[in-house]
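Lettering of chains follows the sequences in order, A, B, ..., and the numbering in each one begins at 1. Predicted, not measured: the structure shown is a model, and the values here were computed from it.
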Amino acid sequence: MTNSDIAAVFEQLADILEYKGDNAFRIRAYRGAARTISGLVESLVSIRNDPQRSLRNLDGIGADLASKIETLLDTGRLPLLDELTAEVPAVVWEMLRVPGLGPRKVKLLVETLAIDSLDALELACQEGRVAALKGFGEKTQQSILDNLPFARNPIHSRLLWLEADGILQELLVWIRSCPEARRVEGAGSWRRGCETVGDLDVVVESQRPAAVMEHLVAWQGTAAVLLQGDTKTSVRGPRNVQIDLRVVAEESFGAALQYFTGSQEHNVRLRTRARELGLSINEYGVYRLEPAAEAVPRSARGASLGGQTEEEVYRAVGLPWIPPELREGRDELVLAGQGLIPPLVKLDDIRGDLHMHTSATDGENTLVEMVRAALERGLKYIAITDHSQRVSMARGLDASRLLRQWEDIDTLNQSLCADGPAGIVVLKGIEVDMLEKGGLDLPDEVLRQADWVVASLHYGQQQPRDRITARILEAIANPWVRVIGHPTGRLINRRPPYDVDIEAVIAAAAGNGTCLEINANPSRLDLNEHHAAAAGKAGVRMVISTDAHDTSGLDLLRCGVLQARRAGLSAANIANTLPLAELLACKRG
DNA sequence: GCCGTTTTCGGCCCGACTGTTTTCAGTCG
């Protein structure tokens with residue numbers, strides 16, 4: 001079993017235990033273990049087999065879960081899961097996708113009304129049998145009917161970060177146009193730069209919350225109002241995304257922004273740290289913990305020790321401000337406490353883009369158009385890396401077409417030089433395919449004439465782990481290959497990564513001085529943050545590239561930079577922050 | 001089920017909103 005299989009088992013156990021009404025902290029323990037495991041780069045097998053290490057040293061994994069992991073590794077099954085799965089009818093998982101229905105209510109519906117399908121649930125609502133249940137009522141019954149379509153619609157995946165960003169930017173412009181709104185910021189997983197975003201969070205400072213919330217309701221993108229209170233309003237926006245707006249006073253803005261940025265796990269850890277210091281953090285500020293704090297209403301508590309800015313909140317617990325991209329509840333609080341949060345790479349640090357296509361293959365713009373667009377964006381160098389011949393669908397280049405393109409690039413560079421020193425250098429590159437049977441799609445004799453070679457795997461993605469890994473290791477060892485393109489091949493929400501031993505890839509890249517790509521395309525973001533972090537620790541340089549197929553694709557660099565920041569990487573970890581001469585001196589020598 | 005420079009037992013972050021409730025449970029983030 002792979003790490004993700006085992007993480008899935010623990011998630012499933014947590015879901016089942018939640019439905020059964022088990023201890024909430026036990027459930028949290030299973031979810032915490034699943035999170036830890038899905039963030040691992042090394043396989044659980046290798047950790048278990050390493051005499052220097054122990055599964056029990058993993059965050060949130062104790063004696064019991066370690067033994068369950070061993071059982072899963074040995075047998076591929078877990079008796080507890082088989083046992084519990086049999087106790088929960090399948091309809092439960094469908095019903096839990098109805099917004100507003102949680103495990104408690106679903107359990108009551110299943111057990112008292114014998115609901116066994118969404119159709120049966122709909123009928124029970126129409127016949128008024130749901131409203132008659134204890135704890136339910138007319139409004140709950142109607143809300144179930146209204147929300148049933150969301151449970152039935154299988155297209156329920158989270159938005160890509162860039163899609164969420166498009167909606168949020170429009171929304172922020174609208175909210176900022178409200179005269180009653182002062183500071184306005186996006187929060188949540190969008191602000192943390194997550195690969196995908198489930199819903200949009202906006203925090204606003206205002207003296208008149210009601211006016212701001214009415215302004216949101218009046219937005220042209222608002223499709224329905226889900227709930228509206230004194231300080232919080234939720235609406236359904238474009239593409240059915242839920243938008244949560246929270247309005248607070250000036251002295252609480254930082255605390256609210258911190259709270260709504262999350263992640264949940266980061267906040268749990270931050271608040272736990274606060275409690276150890278005799279403090280309590282909520283979305284209004286930081287307070288001293290009184291002996292009977294629970295009984296004291298917020299307004300009657302002592303003065304806030306901070307909350308106007310995020311910096312104040314972190315400072316109150318003895319920490320420097322932590323960049324949102326690192327707030328995932330991993331080791332960021334410990335690092336921050338030791339002053340070891342690295343300066344994260346910024347978009348401005350990136351000097352060049354080293355993976356893009358032109359109309360010579362499957363790009364939409366010509367060489368000259370791509371170069372002009374890169375120049376407009378202030379890039380100092382770019383590599384033109386069209387597909388090689390194996391990618392016939394894209395009219396991949398054979399050696400002779402490639403050499404002709406490189407002649408064009410030579411000519412272009414000469415004319416760019418004549419324009420003066422503020423120009424751009426165009427590198428002669430290729431995205432060469434790693435062939436199914438091994439080897440590369442162009443001979444070394446051609447590759448050695450290139451300035452920049454990206455090697456990528458597009459075919460034979462179903463091959464077994466050792467075959468895929470061997471193909472990539474061979475490319476890494478090739479003296480002319482500078483970087484491995486989208487090293488795992490995944491497409492977010494569409495296609496899983498191919499089965500590759502990423503630990504071996506990282507080790508080989510480190511040994512050969514070959515870079516690994518952080519492909520900035522919002523559907524790829526490949527390497528992912530965990531792999532990129534591990535590569536950075538291993539001393540591998542990464543290249544953040546757009547893989548642009550048209551001029552607007554060059555704007556995607558910022559998505560790759562966000563991914564690198566989430567991996568905790570600095571400019572020093574990223575090869576294309578270097579001046580060109582140093583970049584080209586990187587591999588050989 | 002995990003965890004421990006006060007602890008191997010007794011804790012485990014915190015609050016808004018809704019609906020169905022005479023004081024709170026469930027859901028959500």
Where along residues 37-49 of chain A does a heavy atom come under 4.0 Å from DNA chain B, residue by residue in number order? none
Mind running a 4.0 Å heavy-atom check of residues 116-134 of chain A against DNA chain B and sending the residues that fall below it, in number order? none
Residues in salt bridge (charged side-chain N to carboxylate O under 4.0 Å, His left out) with A:D331, at least two apart? none
Is A:K107 touching bases, backbone alone, or none of the nucleic acid, heavy atoms closer than 4.0 Å? nothing
Whole Å only: how far is the CD1 atom of A:I144 from the P atom of B:dT27? 10 Å
List for me each residue that meets salt bridge (charged side-chain N to carboxylate O under 4.0 Å, His left out) alongside A:R129, sequence neighbours excluded, and say none if there are none. A:E127
Rounded off to whole Å, could you give me the CD-to-P distance for the A:Q242 and B:dT27 pair? 16 Å
Side-chain contact test, heavy atoms from C-beta onward, threshold under 4.5 Å: evaluate it for A:I37 versus A:I69 and give yes or no. yes
Donor-acceptor pairs under 3.5 angstrom involving side-chain atoms of residues 311-322 of chain A: please list them, not counting sequence neighbours.
| from | atom 1 | to | atom 2 | distance (Å) |
| --- | --- | --- | --- | --- |
| A:E312 | OE1 | A:G307 | N | 2.8 |
| A:E312 | OE1 | A:Q308 | N | 3.0 |
| A:Y314 | OH | A:Q258 | NE2 | 3.2 |
| A:Y314 | OH | A:H266 | NE2 | 2.9 |
| A:Y314 | OH | A:R327 | NE | 3.2 |
| A:W321 | NE1 | A:E310 | OE1 | 2.8 |

Categorize A:F136 for me: base, sugar-phosphate, or nothing, with a 4.0 angstrom heavy-atom threshold over every strand shown. sugar-phosphate
Sequence neighbours excluded, every pair satisfying salt bridge (Lys or Arg N to Asp or Glu O under 4.0 Å) that has a member inside residues 207-232 of chain A: A:E180-A:R208
Which pairs pass ring-ring contact (aromatic ring centres under 6.0 Å, His included) with one or both residues in residues 23-51 of chain A, sequence neighbours excluded? A:F10-A:Y30
Between B:dT27, B:dG1, B:dA16, which one does the side chain of A:P103 approach most closely? B:dT27
Same-atom distance (P) from B:dT27 to B:dT20, integer angstrom: 13 Å
By side chain to side chain donor-acceptor pair (under 3.5 Å), A:K20 pairs with (sequence neighbours left out) A:E87
I'd like the C1' distance from B:dT6 over to B:dG1, given in whole Å. 23 Å
Phosphate contact (B:dA16 OP1 or OP2) by A:Y284 side-chain N/O below 4.0 Å: yes
Which label fits B:dT7, syn or anti, where anti is any glycosidic angle not within 90° of 0? syn
Please determine, for B:dT8, whether a Watson-Crick or G-U wobble partner exists with both distances under 3.5 Å, and give it or none. none
OP1 or OP2 of B:dG19 less than 4.0 angstrom from a side-chain nitrogen or oxygen of A:K105, does that happen here? no
With rounding to the closest Å, how many angstrom separate the P atoms on B:dT5 and B:dG15? 26 Å
In whole Å, what separates the P atom of B:dT22 from that of B:dG26? 14 Å
Quick check on contacts: within residues 225-240 of chain A, what sits under 4.0 Å from DNA chain B by heavy-atom distance? A:L227, A:Q228, A:G229, A:D230, A:T231, A:K232
Taking side chain to side chain donor-acceptor pair (under 3.5 Å) as the definition, give me every residue that meets it alongside A:W190, ordered by chain and number, with sequence neighbours left out. A:D165
Scan nucleotides 3-6 of chain B against the protein and return all N/O pairs shorter than 3.5 Å with their distances rounded to 0.1 Å.
| from | atom 1 | to | atom 2 | distance (Å) |
| --- | --- | --- | --- | --- |
| B:dC3 | OP1 | A:G60 | N | 3.0 |

Contact class for A:A274 (heavy atom, under 4.0 Å): base, sugar-phosphate, or nothing? nothing
Can you pull every protein N or O that's under 3.5 Å from an N or O on nucleotides 10-13 of chain B?
| from | atom 1 | to | atom 2 | distance (Å) |
| --- | --- | --- | --- | --- |
| B:dC13 | OP1 | A:R28 | NH1 | 3.0 |
| B:dC13 | OP2 | A:R28 | NH1 | 3.2 |
| B:dC13 | OP2 | A:R28 | NH2 | 3.2 |
| B:dC13 | O2 | A:R271 | NH1 | 2.9 |

